[in-house]
Peer 1: 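After the structure tokens below, expect a handful of questions from me.
Everything quoted here is computed from the prediction, not taken from an experiment. Quick note on labels: first sequence line is chain A, next is B, and so on, each numbered from 1.
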Amino acid sequence: MINKKVNSVNDATKGISDNMTFMLGGFGLSGIPENAIKALVDSGIKGLTCISNNAGVDDFGLGLLLQKKQIKKMVSSYVGENDEFERQMLSGELDVELIPQGTLAERCRAAQAGFPAIYTPAGYGTEVAEGKETREFDGKMYVLEHAFKADFAFVKAWKGDAAGNLIFKGTARNFNPVMCGAAKITVAEVEELVPVGELDPNQIHIPGIFVQRIFKGENYEKRIEQRTVRQKE
Amino acid sequence: MINKKVNSVNDATKGISDNMTFMLGGFGLSGIPENAIKALVDSGIKGLTCISNNAGVDDFGLGLLLQKKQIKKMVSSYVGENDEFERQMLSGELDVELIPQGTLAERCRAAQAGFPAIYTPAGYGTEVAEGKETREFDGKMYVLEHAFKADFAFVKAWKGDAAGNLIFKGTARNFNPVMCGAAKITVAEVEELVPVGELDPNQIHIPGIFVQRIFKGENYEKRIEQRTVRQKE
Amino acid sequence: MLKVINEIFRVSEDKKQNIMLDKTGIAKRIAKEVQDGYYVNLGIGIPTLVANYVREDIEVEFQSENGVLGMGPFPFEGEEDADIINAGKQTITTLPGASFFDSAMSFSMIRGQHVDLTILGAMEVAENGDIANWKIPGKMVKGMGGAMDLVASAENIIVAMMHTNRAGASKLLKKCSLPLTGVGCVKKIVTNLAVIEVTDKGFKLLERAPGVSVDEIKKATEGNLIVEGEIPEMNI
Amino acid sequence: MLKVINEIFRVSEDKKQNIMLDKTGIAKRIAKEVQDGYYVNLGIGIPTLVANYVREDIEVEFQSENGVLGMGPFPFEGEEDADIINAGKQTITTLPGASFFDSAMSFSMIRGQHVDLTILGAMEVAENGDIANWKIPGKMVKGMGGAMDLVASAENIIVAMMHTNRAGASKLLKKCSLPLTGVGCVKKIVTNLAVIEVTDKGFKLLERAPGVSVDEIKKATEGNLIVEGEIPEMNI
């Protein structure tokens, strides 16, 4: 077993620096790498490009990095829950590249799987396709989209082991698996770090080969964005 | 819950006919859809194109279809365990397209995921790339390979439910998941058909949406090709 | 099974109190398009309401692009789980037979046309089936989320929207003025005034909302409106 | 952990009795190239033997392209499972920390260069790094299996083979005569005679097998052989 365990988020984020490109898992505030984000905020590094489906809210998730103006560019599919984001974007301080959600997922997967580019129908005929190669296959039009290149991927899983194996929970899975191995270094934080051999090899979502560093995260807030409930009758 | 359960392999293979293209899961004899193969043999349909990593052995797996000369063309990555196969190939009765194993997997996945084609480095500069488009990305050469088009995919899983959800076991997983939803109709046979709700939604390998018909297979032989063991000391 | 969903969605709807009757009517009419055995992706807004009115004698599964198939009702108070949400970031539950998966597999379902019906809102639809629903230049841009993947992939797209915008201008146009979400993809539109099919020749009027005249629909439709024979009233 | 594998592989090797000493020697020499923390894909034949000789004080995981990472020794008699095999279709076991996955993910590991070292056999290697190992025209063609994906993707490929074929002809050529498996991909070759690096200028001799002279290696090498300075003997 190749040991990927590090003891702290500081060890896990070793090597981060200004102007790097990061991938960050999560959909809304669900399944975001809370510990890594906090460490990035504390580090004070700036000029970051962040590839993440969303940009958090004003006071949580990537919003924390935005507050401190550490992000130069966001690559996302949906960013609408964040006033500071809006201010920075409209003032031109923040560069924003909006891309379709499935394209975002697949450009991560392409990087993970060694594909240079993919042809997707999403965005054909729209401004998303401007300046990009388009091509017809079987009478349908597709846009050529390239694999992402990133320095670090920060993902959050439910359970993991020192071999780097990961299991995600519910819809907190989202973009986390496709970002594993899609950057030069993948850092996984987990709620539970279990002994090697405890996870069923048949039920591992991401094998450890895609993960370089793993640590047990602390103090998960797991904030809910839209608390919708029903009453017991 | 949308019910995919059928009661027999005959119901499951309804609609098969001469000259169709089938995908069949399995690696060697591991994880092959034994019940479906038997039904195809019994049906007597001919002129088949079979997309399958291997071609079985003389008296098991796809070898059974070869014995009855039902296969017109094989698309595989490795076919070396089968005398009848060799005879038919050398005599020209059988058309064989050999493609790299990773390309085979990804051409299935492309069909499943709605991608028309992929760029893979495998086979560049070899006869596999002859007549195909090649292209450079970042200084490396890739070959354009197209998504498969198939009429039926026959897969074998370990556990499944009437919603079509599947869980595979060990390396019997192999090509089975990527073939689900990669053909017009996906037929899954399972060793255990469990009540809907029993499978953990977090641990399902293939969601039921990719499966059109599911049934409980019978009399699995699960033959071992290379029985390698060690002695207890 | 659906009964449970229906009851729940109604609860939330009643609670909100801001659902206009015609939005409910649109949802009710669209619900009739949902067939037994359909996998359905519902957009945010009016489309979400459709789940309330699907017939109870058919089986339908709802997919949410953030990674769940087999969505159920909202959780009971106190049972909500931050790890189980829908694409609108709302806490949800799952029904028996549900599954969770990653974003790549979710869009494999969508792009690979395994989802049978996509219902979404729009700011504008053009008579050639173009749709615009993600961006108003100069205003805050929230992003397209999964909408571009959905409209580029789905064979069966129904748009749920009001026939005109707040200023009274038609949203059914000769040509979209806003940045497009997808081209030539919308097949059917259900508005507060009409059911319209998008054909090679333009908007074809299929049904009128109760009490609405063909003339009123014509007036509210900027694009070419094809009216052939008697136009029946919607049966909701 | 590796100790277990080693013991096991040795058992199977002893049992077979058909392993030539030089093949074992090749495997032993290649084993020295395996570093701590490596994920390794081993081809069939000599490469499989490499697992026997990896240092016991380092951690290595073996990947098999049919869908397993963390392969262990063969199972005890009676414990073999048809659902747990390697790419050679042999029954295997897994070690703690192992995982199973589908063929697409397996080749994501390979194509995505997450596997650190690929060791495979060859029929021919050319001085530009081309490799041929899957087809002899006119003879039975078994297929390339995963070899083309492996050689097209891996950054670190070591070929394990005899220096000459059964007819005594060199397998290290100016140009491959057989259909290629991949182009310009081989970095290192370990044969029964030598350790050779593939450079821009051709085969560079790094080490001699014990007792083998530079002249003997030159004679057995059809391609350009670069000999610079004193060539040390392999340390096995």
Side-chain angles (χ1 to χ4, degrees), chain A residues 27-31 53-54 76-81 86 89-90 96 98-106 108-109 112 120-128 140-143 158 168-178 205-206 220-233, chain C residues 7-9 11-12 15 64-68 73-94 100-108 110-111 130 132 134-135 138 140-153 179-185:
Chain A
F27 183 96
L29 300 178
S30 187
N53 189 58
N54 311 92
S76 304
S77 87
Y78 192 84
V79 292
E81 324 288 356
E86 181 171 355
M89 186 174 77
L90 293 177
V96 179
L98 291 168
I99 60 174
Q101 195 177 141
T103 301
L104 180 61
E106 208 61 29
C108 291
R109 198 241 170 198
Q112 174 190 67
T120 178
Y124 174 74
T126 76
E127 62 181 52
V128 161
K140 184 164 177 163
M141 295 302 298
Y142 296 84
V143 184
W158 179 33
F168 304 90
K169 187 183 148 213
T171 56
R173 191 182 317 188
N174 56 65
F175 288 85
N176 286 296
V178 291
H205 293 139
I206 283 292
Y220 282 104
E221 183 177 337
K222 297 176 70 164
R223 198 186 290 187
I224 290 173
E225 266 181 274
Q226 303 287 338
R227 188 177 304 270
T228 46
V229 296
R230 55 179 159 144
Q231 310 297 326
K232 277 192 181 142
E233 279 158 40
Chain C
E7 280 168 9
I8 298 331
F9 275 89
V11 167
S12 84
K15 257 178 78 181
S64 198
E65 62 265 29
N66 60 316
V68 55
F74 296 139
F76 287 118
E77 199 160 3
E79 294 179 3
E80 61 272 25
D81 184 341
D83 294 331
I84 303 182
I85 63 171
N86 65 17
K89 283 105 178 176
Q90 298 172 310
T91 45
I92 56 156
T93 59
T94 56
F100 297 112
F101 35 84
D102 66 39
S103 299
M105 184 172 271
S106 183
F107 283 91
S108 291
I110 291 167
R111 203 186 307 99
D130 288 358
W134 75 284
K135 184 177 184 178
M140 177 56 189
V141 178
K142 289 174 186 282
M144 69 291 284
M148 283 194 183
D149 302 275
L150 282 159
V151 300
S153 307
L180 296 184
T181 308
V183 294
C185 50

Peer 1: Quick one: of A:G125, A:C108, A:S30, A:A105, who has the most non-hydrogen atom pairs under 4.5 Å with chain C?
Peer 2: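 Highest number of pairs under 4.5 Å: A:S30.
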Peer 1: Would you indicate whether the side-chain heavy atoms of A:T126 and C:M144 approach each other to under 4.5 Å?
Peer 2: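 No, their side chains stay 4.5 Å or more apart.
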Peer 1: Quick one: are A:E127 and C:W134 in side-chain contact, heavy atoms under 4.5 Å?
Peer 2: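 They are in side-chain contact.
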Peer 1: Which one of C:I85, C:I110, C:D83 has the most heavy-atom pairs closer than 4.5 Å to chain A?
Peer 2: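 Top count of heavy-atom pairs under 4.5 Å with chain A: C:D83.
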Peer 1: Going by heavy atoms in the side chains, are A:M141 and C:V183 under 4.5 Å from each other?
Peer 2: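 With C-beta onward as the side chain, the pair stays apart.
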Peer 1: What part of A:N53 lies closer than 4.5 angstrom to a heavy atom of chain C: side chain, backbone, both or neither?
Peer 2: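 Neither; nothing under 4.5 Å.
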Peer 1: What pair of heavy atoms forms the shortest contact from A:E225 to C:K89, and how long is it?
Peer 2: OE1-CG, 3.4 Å
Peer 1: With a 3.5 Å distance limit and no angle check, can you tell me whether A:K140 reaches the backbone of C:A152 through a side-chain donor-acceptor pair?
Peer 2: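 Yes.
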Peer 1: Look at the side chain of A:R173 and the backbone N and O of C:F100, then say whether any donor-acceptor pair between them is shorter than 3.5 Å.
Peer 2: yes
Peer 1: So which of C:D102, C:L180, C:V68, C:T94 has the largest heavy-atom pair count under 4.5 angstrom toward chain A?
Peer 2: C:D102
Peer 1: Please flag which part of C:E79 lies under 4.5 Å from any non-hydrogen atom of chain A: side chain, backbone, both or neither.
Peer 2: side chain
Peer 1: Is there side-chain contact between A:P121 and C:R111, with at least one heavy-atom pair below 4.5 Å?
Peer 2: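 A:P121 reaches C:R111 side chain to side chain.
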Peer 1: Looking only at heavy atoms and a cut-off of under 4.5 Å, which of C:S103, C:S153, C:G182, C:S108 has the most pairs with chain A?
Peer 2: C:S103
Peer 1: Do the non-hydrogen side-chain atoms of C:M148 and A:Y124 ever get within less than 4.5 Å of each other?
Peer 2: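 When only atoms from C-beta onward are counted, A:Y124 and C:M148 do not touch, as no gap falls below 4.5 Å.
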Peer 1: Any non-hydrogen side-chain atom of C:F107 less than 4.5 Å from a side-chain atom of A:R109?
Peer 2: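 In short, these two side chains do not touch, never coming nearer than 4.5 Å.
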Peer 1: Just by distance, do the side chain of A:T171 and the backbone of C:G67 share a donor-acceptor pair under 3.5 Å?
Peer 2: no
Peer 1: Measure A:I99 against the heavy atoms of chain C and call it side chain, backbone, both or neither at under 4.5 Å.
Peer 2: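 Backbone only.
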Peer 1: Top residue by heavy-atom pair count (under 4.5 Å) with chain A, among C:G78, C:A132, C:G88, C:G145?
Peer 2: C:G145
Peer 1: Between CD1 of C:I92 and CD of A:Q226, what distance do you get to the nearest 0.5 Å?
Peer 2: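 Rounded to the nearest 0.5 Å, the CD1-CD separation comes out at 13.0 Å.
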Peer 1: At what distance, to the nearest 0.5 angstrom, does CD of C:E80 lie from CZ of A:R230?
Peer 2: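 Here the rounded value is 12.0 Å.
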Peer 1: Return the option, out of C:P75, C:A104, C:S64, with the maximum number of heavy-atom pairs under 4.5 Å with chain A.
Peer 2: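 Option with the top pair count is C:P75.
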Peer 1: For the residue pair C:D149 and A:G102, what are the closest heavy atoms and their distance?
Peer 2: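 Shortest heavy-atom contact: OD2-N, 2.8 Å.
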Peer 1: Do you know which two heavy atoms are closest between C:I84 and A:G170, and how far apart they sit?
Peer 2: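 It is CG1-CA, 4.5 Å.
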Peer 1: For the interface with chain C, which of A:E106, A:K222, A:K232 has the highest count of heavy-atom pairs at distances below 4.5 Å?
Peer 2: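 Most heavy-atom pairs within the cutoff with chain C belong to A:K232.
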Peer 1: Give a yes or no answer on whether the side chain of C:T91 reaches the backbone of A:T228 with a donor-acceptor pair at less than 3.5 Å.
Peer 2: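 Yes, the answer is positive, given that a donor and an acceptor are paired below the 3.5 Å cut-off.
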Peer 1: Answer yes when A:K169 and C:D81 have at least one side-chain N-carboxylate O distance shorter than 4.0 Å, and no when they do not.
Peer 2: yes
Peer 1: At a heavy-atom separation under 4.5 Å, does C:N86 approach chain A through its side chain, its backbone, both, or neither?
Peer 2: backbone
